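In what follows, a single structure is set out as structure tokens and then discussed.
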Amino acid sequence: MGVRIIGIGSYVPENVVTNFDLEKFLDTSDEWIRTRTGIVERRIAPPEMATSDLATEAAKMALKDAGVTPEELDMIIVGTASPDMFYPATACLVQKNLGIKGKPCFDMEAACPGFIYGLEVARGLLHLPNYKKILVIGAENLTKFMDPEDRATYVLFGDGAGAAVLTMDDTPYGIITSHLGGDGNLGDLLYLPAGGSRMPASRETVEKRLHYTVMKGREVFKYAVLNMQKAALKVLEQAELKKEDITWLVPHQANVRIIDATREKLGLPPEKVYINIDKYGNTSAASIPIALTEMKQKGLLKKGDLVLTVSFGAGFTWGANIIRWG
Ligand code: UT7
């Protein structure tokens with residue numbers, strides 16, 4: 001018996017913002033962004049569109065793909081670092097949007113690996129008798145938490161959502177193994193200072209722009225490469241697989257140079273790595289399910305393919321899993 005993804009979906013807002021658009025109000029250039037990150041454009045949600053709106057669209061697509069009705073779901077988990085509000089949980093808002101009630105629903109804040117963390121939690125719970133079908137969503141509206149005057153962060157992020165329906169069955173397909181990790185000592189490399197209980201919102205926090213993300217980019221880069229590599233090697237070891245057994249590496253899309261470094265460590269050729277950061281920027285917890293959905297739509301994922309997903313993010317948190325697709 002294994003836990004399998006039986007449907008997948010994604011949603012990105014229509015509004016495309018190119019690097020050239022950013023040049024108009026930031027001291028940056030298409031050339032810098034493209035060469036340092038691999039990003040060409042990103043989608044930015046309009047002011048009235050919140051994370052639950054993106055998540056709901058991705059959820060509907062995943063449910064349709066799975067052939068599952070919202071009523072059949074036993075739980076909704078949303079991995080997000082940019083919820084609609086502190087409470088209620090974004091997952092509860094998605095539940096309402098799907099027209100159902102009575103099911104457990106909660107958010108999981110694990111930053112960019114939020115979807116991978118969500119898969120692991122769902123995988124564990126699906127072994128209990130109460131849960132047969134769980135919807136896991138990675139959804140972000142992080143551009144609203146980036147300072148439009150800070151070129152070091154604003155150019156990097158995009159909005160979007162991806163979702164998967166999971167169940168347990170006796171096919172040979174599904175999640176083979178996972179590894180999750182974290183290190184709170186690295187918390188000050190990437191954080192959002194104000195708005196929480198440490199620094200509640202005040203006139204001063206707004207004036208000092210403390211409701212926007214603070215990041216030590218170069219340091220994050222270093223630990224990202226290290227932890228992505230370690231996590232990927234760990235799941236290979238756990239699954240007793242060789243690097244060359246992997247059909248697809250689907251990494252978190254934060255920077256094409258981080259992706260390249262991970263790929264090189266694994267000794268995989270570029271054609272085995274799925275990259276779409278050029279179109280969406282860093283969509284945090286949404287990046288991996290968006291990539292998987294695109295790959296499925298393009299017919300790139302075949303039954304039996306071994307897919308290695310790996311991610312890292314604020315916290316620090318990291319995670320990886322190997323999925324036998326089908
Ligand atoms: O999901 C996790 C989220 N975070 C990340 O994944 C971020 C990881 N880090 C990175 O991807 C890279 O460190 C960045 C893309 C953020 C920065 O690239 P870098 O090669 O590490 O550049 P840097 O921070 O060392 O900055 C180099 C120069 C600096 O100028 P000086 O001091 O050399 O004159 C920056 O001020 O580039 C400047 N710079 C920019 N220039 C044009 C920083 N941002 C920009 C910009 N446009 N947008």
Side-chain angles (χ1 to χ4, degrees), residues 17-42 44 79-82 109-117 138-162 180-184 186-193 212-229 231-232 250-263 275-278 280-291 309-320:
V17 176
T18 66
N19 293 343
F20 294 106
D21 294 326
L22 298 180
E23 281 182 5
K24 291 175 194 150
F25 62 93
L26 273 174
D27 179 16
T28 190
S29 66
D30 172 63
E31 204 267 335
W32 191 96
I33 302 170
R34 209 182 272 256
T35 54
R36 298 284 179 131
T37 71
I39 301 167
V40 176
E41 59 187 42
R42 73 283 293 141
I44 296 193
T80 185
S82 48
E109 212 290 76
C112 303
F115 181 75
I116 291 187
Y117 267 62
E140 303 282 12
N141 217 307
L142 271 173
T143 60
K144 294 196 170 80
F145 302 94
M146 299 296 149
D147 188 344
E149 294 181 10
D150 178 15
R151 68 178 183 175
T153 51
Y154 195 76
V155 305
L156 304 175
F157 293 87
D159 301 325
L180 302 179
D183 184 357
L186 303 173
D188 64 348
L189 298 185
L190 179 53
Y191 67 108
L192 202 154
Y212 289 127
T213 299
V214 174
M215 184 176 72
K216 292 179 185 143
R218 222 177 289 182
E219 288 287 286
V220 173
F221 190 100
K222 194 174 76 188
Y223 287 108
V225 169
L226 192 72
N227 289 311
M228 294 263 282
Q229 292 175 347
V250 184
H252 171 45
Q253 312 279 318
N255 186 318
V256 80
R257 292 184 291 138
I258 295 174
I259 295 173
D260 283 344
T262 308
R263 176 185 65 73
I275 299 179
N276 63 4
I277 190 173
D278 51 321
Y280 305 121
N282 180 349
T283 57
S284 185
S287 81
I288 287 174
I290 290 176
T309 69
V310 58
S311 183
F312 72 94
F316 253 46
T317 54
W318 57 86

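Position 1 is the first residue of the sequence, and the numbers go up from there. Both ligands and their constituent atoms are indexed starting at 1 by order of listing. In this text the structure is predicted, and so the values were computed from the model without any measurement.
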Short N or O separations between ligand 1 and the protein, below 3.5 Å:
{"from": "ligand 1", "atom 1": "1 (O)", "to": "His252", "atom 2": "NE2", "distance (Å)": "3.1"}
{"from": "ligand 1", "atom 1": "1 (O)", "to": "Asn282", "atom 2": "ND2", "distance (Å)": "2.8"}
{"from": "ligand 1", "atom 1": "9 (N)", "to": "Gly217", "atom 2": "O", "distance (Å)": "3.0"}
{"from": "ligand 1", "atom 1": "11 (O)", "to": "Asn255", "atom 2": "ND2", "distance (Å)": "2.7"}
{"from": "ligand 1", "atom 1": "13 (O)", "to": "Gly217", "atom 2": "O", "distance (Å)": "3.1"}
{"from": "ligand 1", "atom 1": "18 (O)", "to": "Arg257", "atom 2": "NH2", "distance (Å)": "3.4"}
{"from": "ligand 1", "atom 1": "20 (O)", "to": "Arg36", "atom 2": "NH1", "distance (Å)": "2.8"}
{"from": "ligand 1", "atom 1": "20 (O)", "to": "Arg257", "atom 2": "NH2", "distance (Å)": "3.0"}
{"from": "ligand 1", "atom 1": "22 (O)", "to": "Arg36", "atom 2": "NH1", "distance (Å)": "3.3"}
{"from": "ligand 1", "atom 1": "25 (O)", "to": "Arg218", "atom 2": "NE", "distance (Å)": "2.6"}
{"from": "ligand 1", "atom 1": "25 (O)", "to": "Arg218", "atom 2": "NH2", "distance (Å)": "2.7"}
{"from": "ligand 1", "atom 1": "36 (O)", "to": "Arg151", "atom 2": "NH2", "distance (Å)": "2.9"}
{"from": "ligand 1", "atom 1": "37 (O)", "to": "Trp32", "atom 2": "NE1", "distance (Å)": "3.2"}
{"from": "ligand 1", "atom 1": "41 (N)", "to": "Trp32", "atom 2": "NE1", "distance (Å)": "3.4"}
{"from": "ligand 1", "atom 1": "41 (N)", "to": "Arg151", "atom 2": "NH1", "distance (Å)": "3.4"}
{"from": "ligand 1", "atom 1": "47 (N)", "to": "Thr28", "atom 2": "OG1", "distance (Å)": "2.6"}
{"from": "ligand 1", "atom 1": "48 (N)", "to": "Thr28", "atom 2": "OG1", "distance (Å)": "3.1"}
{"from": "ligand 1", "atom 1": "48 (N)", "to": "Arg151", "atom 2": "O", "distance (Å)": "2.9"}

Verify, without hydrogens or angle tests, whether [X] (side chain) and [Y] (backbone) share a donor-acceptor contact under 3.5 angstrom.
X      : Y      : result
Gln253 : Thr283 : no
Arg42  : Val155 : yes
Arg151 : Asp27  : yes
Asn227 : Thr317 : no
Asp147 : Thr153 : no

Which residue pairs satisfy the side-chain hydrogen bond (donor to acceptor under 3.5 Å, both in side chains) criterion with at least one member in residues 212-221, sequence neighbours excluded?
->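 side-chain hydrogen bond (donor to acceptor under 3.5 Å, both in side chains) check on residues 212-221 returns Glu219-Lys222.
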
